[in-house]
Number of protein chains: 2
Amino acid sequence: MILKSQVEWALHCCAILAGLPEGRYLSTKALAEFHGLPKEYLSKALQSLSQAKLVESTLGPSGGYRLARPTAEITFLDVVEAVEGKERTFACSNIRANNPCRPEGYCEAGPCAVARVMWDADEAWRAKLRSVSLAALVQTLEQEIPTTLWQSSFQWVLKRAG
Amino acid sequence: MILKSQVEWALHCCAILAGLPEGRYLSTKALAEFHGLPKEYLSKALQSLSQAKLVESTLGPSGGYRLARPTAEITFLDVVEAVEGKERTFACSNIRANNPCRPEGYCEAGPCAVARVMWDADEAWRAKLRSVSLAALVQTLEQEIPTTLWQSSFQWVLKRAG
DNA sequence: TAGAATACGGATAATAAATATCCTTATTGC
DNA sequence: GCAATAAGGATATTTATTATCCGTATTCTA
C-alpha cells in the first residue's frame, strides 16, 4: 500500500501556490516545469484539487490556479483526500459472515472488531495530517531553504504567474 | 490507497490461532474454509506470517499453523507489516531537486519537509496499530460474540486442529 | 475581432500491483 | 508406502496507477 505520486505532487504545488501574491494565478505548465513533472498528468492532480475546492482556476492566457482559502485553513489532509479520496485505507469485507457456525439469518450487531482497530489507526493517520496546515508547511520551508534559493524560486514563479 | 485484502485475512486467521490450545496446529484448509476464502491464495498470506516469524508451521497430515509468540506479544502492526511490508506509505521522490533555480551541485541537507509530515502521519498510524495486541483483540471478540457462536466456532476449530 | 493560451473532461494506452490458480518438492503422520 | 500438509515457483487474470492525446469552452492580448 502506497500513496499515489500525485499526492506528493499536489502537496508541493500547494506549497508553491501558498507563496503566490494575492490575486495571481500559476499555470499547470509552470508548476510542471518547476517540479520536473509531466504537465498533462499533473493537470489531473490539479483538477482534483479544483474539484475539492482547495484551489480556484481561470482560463485563458495568464490563467492557472490559486488557493481558494487562506493557507492556515488548508491542511495536509485536505490535499491528500482531494487526490486519494476520502475512503478509509482498510476495507472490511465482513468475512466473519462466512463463519460456518453462524446461525441462519444471524446478523452481526456492529462493525467487526478487527475493522474497528484498523479504522482507529486510519483515523490517527488522518488526525495527524489534519493537524498540519499549508501555513505551517510554508513556515518550515522558509526556515529550512537557503535564502538565495528561496528568493530565486519566488522570482521564477512570479515571472510566470498571471 | 487501500490495504491488501490479505491483511484482513491474516488478522482474522491470527484471531483464530490465538484461541488454539497449546501445541496444536490449524491448517490452511481449515482457515480458508472457516473464513470462506480461496485456500491457495490465503496460503500466501500465511506464508508471509511464517516468514515474519509470527507463526510456526509443521508439515504432514495434522500439520498447519500456530502462533509463534504469546498473544500479548503480537500486535496488529506485526501482522500488517508481515503482509504489507515495512515500507512507509508515502514515497518521497525528492521532486524539490528538480527546482530549476537550484544551484549546480547543490545538495539538500535533510529529508523534504513535505515528506516529514507524511512520515509523521505514517508513524502515528503504525503507533496505533502497535498499541493493540492479539490478546486485546481476543478479549474484545470474547465480549462481543454471542456465547453460543463463540463456543460452536471453538468446537469447529478444535475438531480440525492437529 | 482573430489568435493564442489556458483549464477541463473524455478516451485511450502503458505499466505496475493485487488477486488468484496451478504445479512441483520436501516433510510428516499413519 | 500413502495421504496430507507447508513452501515456493510459475503464470494468468484483474484492477489500479501512470501517462498521453485530443476536443471544447473560456479568457486574455494584439
Side-chain angles (χ1 to χ4, degrees), chain A residues 1-10 13 17 23-33 35-66 68 80 82-85 87 89-91 93 95 160-162, chain B residues 1-10 13 17 23-33 35-66 68 80 82-85 87 89-91 93 95 160-162:
Chain A
M1 183 197 68
I2 199 159
L3 291 167
K4 304 191 212 183
S5 54
Q6 283 196 345
V7 169
E8 185 184 15
W9 302 357
C13 286
L17 294 180
R24 313 209 32 199
Y25 293 84
L26 195 60
S27 71
T28 304
K29 188 183 171 195
L31 286 166
E33 208 176 318
H35 293 114
L37 300 173
K39 181 172 82 104
E40 308 277 2
Y41 192 34
L42 174 62
S43 167
K44 301 294 183 186
L46 296 172
Q47 282 173 41
S48 296
L49 295 179
S50 182
Q51 282 164 6
K53 305 244 162 79
L54 300 182
V55 301
E56 294 169 344
S57 65
T58 78
L59 292 175
S62 82
Y65 296 95
R66 68 179 179 196
V80 169
V83 174
E84 279 285 336
E87 278 177 18
T89 55
F90 178 83
S93 67
I95 66 177
R160 284 155 183 87
Chain B
M1 182 198 66
I2 198 160
L3 290 167
K4 305 190 210 181
S5 54
Q6 284 197 346
V7 169
E8 184 183 16
W9 303 357
C13 286
L17 294 180
R24 309 202 43 191
Y25 294 85
L26 196 60
S27 71
T28 306
K29 187 183 171 194
L31 285 166
E33 208 177 316
H35 293 115
L37 301 173
K39 181 172 80 105
E40 309 277 2
Y41 193 34
L42 174 62
S43 167
K44 301 294 183 187
L46 296 172
Q47 282 174 41
S48 296
L49 294 179
S50 182
Q51 280 165 6
K53 303 248 162 82
L54 300 182
V55 301
E56 294 169 343
S57 65
T58 78
L59 293 175
S62 81
Y65 296 95
R66 70 179 176 195
V80 170
V83 174
E84 280 285 338
E87 278 176 18
T89 55
F90 178 83
S93 68
I95 65 178
R160 284 157 183 85

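Letters go in sequence order (proteins before strands), and every chain restarts at 1.
- No donor-acceptor distance shorter than 3.5 angstrom exists from the side chain of B:Glu84 to the backbone of B:Val7, with no hydrogens or angles considered.
- If you check residues 46-54 of chain B against DNA chain D, the residues with a heavy atom closer than 4.0 Å are B:Gln47, B:Ser50, B:Gln51, listed by number.
- A:Arg160 places no side-chain N or O within 3.5 Å of a backbone atom of A:Ala30 that could act as its donor or acceptor partner.
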In residues 35-42 of chain B, what donor-acceptor pairs under 3.5 Å come from side-chain atoms, sequence neighbours left out?
residue, atom, partner, partner atom, Å
B:His35, ND1, B:Leu31, O, 3.1

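- Pairing each heavy atom of A:Lys4 with each of A:Val83, the nearest pair is NZ-O, 3.6 Å.
- Scored by the side-chain contact (heavy atoms from CB on, under 4.5 Å) test, A:Ser43 finds A:Thr28, A:Gln47 as partners (sequence neighbours excluded).
- Against DNA chain C, the stretch residues 58-65 of chain A makes heavy-atom approaches under 4.0 Å through A:Thr58, A:Leu59, A:Gly60, A:Pro61, A:Gly63, A:Gly64, A:Tyr65.
- When DNA chain C is scanned 5' to 3' for any atom under 4.0 Å from a heavy atom of chain B, the first and last hits are C:dT19 to C:dG29.
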Mind listing the N/O atom pairs, protein and nucleotides 14-19 of chain D, below 3.5 Å?
residue, atom, partner, partner atom, Å
D:dT18, OP1, A:Ser5, N, 3.2
D:dT18, OP1, A:Ser5, OG, 3.2

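- Here the P atom of nucleotide D:dA4 and the CZ atom of B:Arg160 are 15 Å apart, to the nearest Å.
- The CG atom of B:Leu17 sits 7.5 Å away from the CG atom of B:Leu46 when rounded to the nearest 0.5 Å.
- In this structure, SG in A:Cys13 is found 7.0 Å from CD1 in B:Ile95, a value given to the nearest 0.5 Å.
- Closest heavy-atom contact between B:Gly63 and B:Ser27: O-CB, 3.7 Å.
- Between B:Lys29 atom NZ and D:dA7 atom P the separation is 17 Å, expressed in whole Å.
- Distance check: A:Ile2 CD1 to B:Phe90 CZ gives 9.0 Å after rounding to the nearest 0.5 Å.
- Counted within 6.0 Å of CD on B:Glu56, heavy atoms from surrounding residues, nucleotides or ligands total more than 12; the atom is thus considered enclosed.
- Between the CG atom of B:Leu26 and the C1' atom of D:dA6 there is a distance of 13 Å, rounded to whole Å.
- When atom types are taken as modelled, the side chain of B:Glu8 and the backbone of A:Ser93 share a donor-acceptor pair closer than 3.5 angstrom.
- Here the straight-line distance linking atom OH of A:Tyr25 with atom OG of A:Ser57 works out to 7.5 Å at 0.5 Å rounding.
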